[in-house]
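One structure below.
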Amino acid sequence: MIMEIVKHFANSGKEAPAYFWRDKTGNEIDCLIELPDAFHLIEIKSSQTFHPDFLKNIRYYEKLNQEQYKTRSTILYAGSTPQLRESFSLIPWKQELFIH
């Protein structure tokens, strides 16, 4: 999935501003994309169904940076139904990924 994100930017003639984030206590974000107006936080899960625990690290990161940066959040998962929730998007990883 990370390579798909990198390819998305490369096909646009840009270097991917994508990073892995982890703190000293083990909290991590699978992919943090630095966009001009926000950080796009992406968690990648192999489950076919959503579980609220998927948001644990995203919520942790948002709490740390609540005053500094606007964030958008996406969960890529093995399910088949895309869903737009109030505070995040749930996207099947087989679906084409668009990052703006």
Side-chain angles (χ1 to χ4, degrees):
M1 288 312 310
I2 301 298
M3 285 310 301
E4 291 301 315
I5 292 168
V6 170
K7 286 189 326 188
H8 170 80
F9 281 96
N11 289 337
S12 300
K14 300 175 186 172
E15 187 174 325
Y19 307 93
F20 172 77
W21 177 85
R22 184 177 184 160
D23 72 3
K24 63 183 179 183
T25 60
N27 296 296
E28 63 183 47
I29 299 294
D30 294 331
C31 186
L32 184 149
I33 299 172
E34 187 176 2
L35 300 172
D37 63 337
F39 282 156
H40 191 152
L41 310 176
I42 300 174
E43 283 291 295
I44 303 165
K45 304 297 181 188
S46 61
S47 175
Q48 292 186 354
T49 56
F50 172 75
H51 189 277
D53 193 48
F54 291 175
L55 295 167
K56 181 181 83 163
N57 289 331
I58 287 174
R59 296 296 177 239
Y60 177 81
Y61 184 88
E62 289 173 337
K63 188 174 182 179
L64 286 178
N65 293 291
Q66 61 187 335
E67 296 295 323
Q68 296 176 353
Y69 303 102
K70 180 180 169 186
T71 59
R72 294 189 306 188
S73 303
T74 300
I75 306 291
L76 299 177
Y77 79 125
S80 59
T81 306
Q83 301 175 34
L84 295 177
R85 304 270 180 117
E86 184 176 318
S87 62
F88 67 96
S89 300
L90 188 65
I91 300 175
W93 51 260
K94 291 180 182 178
Q95 181 175 319
E96 188 170 351
L97 178 65
F98 293 99
I99 301 165
H100 304 287

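The figures that follow rest on heavy atoms only: side chains count, while hydrogens, waters and symmetry mates do not. Note that this is a predicted model, so its numbers are computed, not measured.
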Separation of [Y] [atom2] from [X] [atom1] (nearest 0.5 Å):
X: Leu32; Y: Arg22; atom1: CG; atom2: CZ; value: 15.5 Å
X: Ile42; Y: Ile2; atom1: CD1; atom2: CD1; value: 7.0 Å
X: Arg85; Y: Thr74; atom1: CZ; atom2: OG1; value: 13.0 Å
X: Phe39; Y: Glu34; atom1: CZ; atom2: CD; value: 4.5 Å
X: Ile58; Y: Asp30; atom1: CD1; atom2: CG; value: 8.5 Å
X: Leu64; Y: Glu62; atom1: CG; atom2: CD; value: 10.5 Å

Open item on the list: Can you tell me how the ring of Phe54 sits relative to the ring of Phe50, calling it parallel under 30°, perpendicular over 60° and tilted otherwise?
Closed with: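 Perpendicular, since the angle between the ring planes exceeds 60°.
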Task: Geometric class of the Trp21/Tyr60 ring pair [parallel <30°, tilted 30-60°, perpendicular >60°] - done: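 It falls in the tilted class, 30° to 60°.
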[X] versus [Y], closest heavy-atom pair with distance:
X: Ser89; Y: Leu84; value: OG-CD2, 3.4 Å
X: Ile33; Y: Ala18; value: CG1-CB, 4.2 Å
X: Ser80; Y: Pro92; value: C-CG, 3.6 Å
X: Ala16; Y: Val6; value: CB-CA, 3.9 Å

Task: Residue among Leu55, Ile91, Leu41, Ile44 satisfying side chain to side chain contact (heavy atoms under 4.5 Å, CB included) with Ile75 - done: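 Testing each of Leu55, Ile91, Leu41, Ile44 against Ile75, the sole residue satisfying side chain to side chain contact (heavy atoms under 4.5 Å, CB included) is Leu55.
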Open item on the list: Could you check whether any side-chain N or O of Asn57 sits under 3.5 Å from a backbone N or O of Glu28, counting only pairs where one atom can act as donor and the other as acceptor?
Closed with: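 Such a contact is found between Asn57 side chain and Glu28 backbone.
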Task: Asn27 side chain vs Asp23 backbone, donor-acceptor pair below 3.5 Å - done: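 It does not hold such a pair.
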Task: Residue pairs involving residues 42-55 (criterion salt bridge (Lys or Arg N to Asp or Glu O under 4.0 Å); sequence neighbours excluded) - done: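 Found Glu43-Lys45.
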Open item on the list: Does any part of the side chain of His51, heavy atoms only, come nearer than 4.5 Å to the side chain of Tyr77, both counted from C-beta?
Closed with: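 Side chain of Tyr77 against side chain of His51, heavy atoms only: no contact under 4.5 Å found.
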TODO: Compare all side-chain heavy atoms of Pro17 with those of Phe9 and state whether any distance is below 4.5 angstrom.
DONE: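 Side-chain contact under 4.5 Å: yes.
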TODO: Compute whether any side-chain donor of one residue and acceptor of the other, for Ser87 and Arg59, lie under 3.5 angstrom apart.
DONE: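 Distance-only check passes for Ser87 and Arg59.
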